[in-house]
Amino acid sequence: MARTRILGVGFDDTDLEETSEKAMELIAERRAAFIVTPNPEIVMICGKNERIRAAVNGADIVLPDGIGIMLGARILGAPLKQRLPGIDFAETLIGRVSLKGECKLFLLGAKPGVAELAAARLESRYEGLRTVGIFDGYFSDDSKIKEKISETEPDIILVCLGSPKQELWMSENAGKFSAGVMIGLGGSLDVYSGNVKRAPPVWRRLGLEWLYRLLREPRRIKRAVLLPVYIVRVCSARLRGKNDAG
């Protein structure tokens, strides 16, 4: 899959079907590949931190998760095929693997108890899905996590540690387990568990899920104000004919 660079971060120019097929191939390889879902905030962080940028660009698949990424690509004259929210992609992939037989799922992240709720809700939705490991995101030593992954050999590992911690963790551990794919999904376990409500479908279709979350969680304003800064930098990159980091 070709990649479109936005301020130094390469996004796969793909759609849901193509990405799902690629992810199924990665699962079959059993090498703990990883998938990232950067938003404009993470792109900005990548511009300041080479280590994080290398981790993101080193992913097997980089999904254009939000409307800000799609807009940035259009401004740069390289529109992407489809917006692929990580939370939706992960559930699509779980469904596809489950249809082929048993799907072994590993959940890492969120507050204690949240992943257990998410596992129960997902297992009720997908016949054949089995959760083989659960760890919350409050750990200082990940040795037990790695041991459990090696023992259970999951097909899909949802890594919900928040950015950039999850991207760095996946990058550092890629290829170290006999597992399928790791997917960085931020706060998605809170949604899967039912503790956090997603925006209604119409808001999502309009690309306004970020605004819905901001209205429900005003404390996110500090993160939201990065979006216009990001757009200005993308416009500047287009005018300069330069699309590297910084």
Subject >> Test salt bridge (Lys or Arg N to Asp or Glu O under 4.0 Å) applied to R51 and E172, step by step >> reply: CA-CA 11 Å; R51 180 172 170 239; E172 290 166 1; 2.6 Å; yes

Flag side-chain contact, heavy atom, 4.5 Å: [X] against [Y]:
X: F177; Y: E153; result: no
X: L76; Y: V234; result: yes
X: E50; Y: R53; result: yes
X: L26; Y: I61; result: yes
X: P64; Y: R83; result: no
X: V132; Y: I149; result: no
X: F106; Y: L158; result: no
X: V159; Y: W169; result: yes

Original post:
Would you find more than 12 non-hydrogen atoms of other residues, nucleotides or ligands less than 6.0 Å from E102 atom CD?
Top reply: yes

Subject >> From CA spacing to verdict: side chain to side chain contact (heavy atoms under 4.5 Å, CB included), L105, D155 >> reply: CA-CA 6 Å; L105 179 67; D155 300 299; over 6 Å; no

Subject >> Intermediate values then yes/no, side chain to side chain contact (heavy atoms under 4.5 Å, CB included), M44 and V229 >> reply: CA-CA 9 Å; M44 297 284 283; V229 177; 3.4 Å; yes

Say you draw a straight line from [atom1] of [X] to [atom2] of [Y]; how long is it, rounded to the nearest 0.5 Å?
X: R233; Y: I75; atom1: CZ; atom2: CD1; answer: 14.0 Å
X: I42; Y: T37; atom1: CD1; atom2: OG1; answer: 8.5 Å
X: I67; Y: N39; atom1: CD1; atom2: CG; answer: 13.0 Å
X: I69; Y: L84; atom1: CD1; atom2: CG; answer: 12.0 Å
X: I183; Y: S188; atom1: CD1; atom2: OG; answer: 9.5 Å
X: L93; Y: D88; atom1: CG; atom2: CG; answer: 12.5 Å

Mark yes or no for whether [X], through its side chain, and [Y], through its backbone, hold a donor-acceptor pair below 3.5 Å.
X: D190; Y: S193; answer: no
X: K104; Y: T152; answer: yes
X: S150; Y: S178; answer: no
X: E167; Y: I52; answer: no
X: N49; Y: I45; answer: no
X: N57; Y: G10; answer: yes

Could you see if [X] belongs to whatever hydrophobic cluster contains [Y]? Use Ile, Leu, Val, Met, Phe, Trp, Tyr and a side-chain cutoff under 4.5 Å.
X: I94; Y: L99; answer: no
X: Y192; Y: L117; answer: no
X: V232; Y: I6; answer: no
X: F139; Y: F135; answer: yes

Original post:
Can you name the salt bridge (charged side-chain N to carboxylate O under 4.0 Å, His left out) partners of K81, sequence neighbours left out?
Top reply: E18

**OP:** List for me each residue that meets salt bridge (charged side-chain N to carboxylate O under 4.0 Å, His left out) alongside R96, sequence neighbours excluded, and say none if there are none.
**Re:** E17, E21

Which heavy-atom pair separates [X] from [Y] by the least distance, and what is that distance?
X: A55; Y: S171; result: CB-CB, 3.7 Å
X: I145; Y: L108; result: CD1-CD1, 3.7 Å
X: G77; Y: R238; result: N-NH1, 3.2 Å
X: Q82; Y: L16; result: OE1-N, 3.0 Å
X: G86; Y: D65; result: N-OD2, 2.7 Å
X: L189; Y: C160; result: CG-SG, 3.6 Å

**OP:** Identify whether NZ of Lys or CZ of Arg in K176 sits under 6.0 Å from the centre of the six-membered ring of F34 and within 45° of that ring's axis.
**Re:** no

Ion pair check, [X] and [Y], cut-off under 4.0 Å:
X: E209; Y: R198; answer: yes
X: K144; Y: E151; answer: no
X: R31; Y: D60; answer: yes

**OP:** Any salt bridge (Lys or Arg N to Asp or Glu O under 4.0 Å) involving residues 118-129? Give me the pairs, sequence neighbours left out, ordered by first then second residue.
**Re:** E91-R125

**OP:** Applying side chain to side chain contact (heavy atoms under 4.5 Å, CB included), run through F89 and L63 and close with a yes or a no.
**Re:** CA-CA 9 Å; F89 167 75; L63 296 179; 3.7 Å; yes

Original post:
Between I157 and L107, is a side chain to side chain contact (heavy atoms under 4.5 Å, CB included) present by the stated rule, with each step listed?
Top reply: CA-CA 6 Å; I157 305 170; L107 303 179; over 6 Å; no

**OP:** Would you please say whether a donor-acceptor pair under 3.5 Å links the side chains of T19 and T14?
**Re:** yes

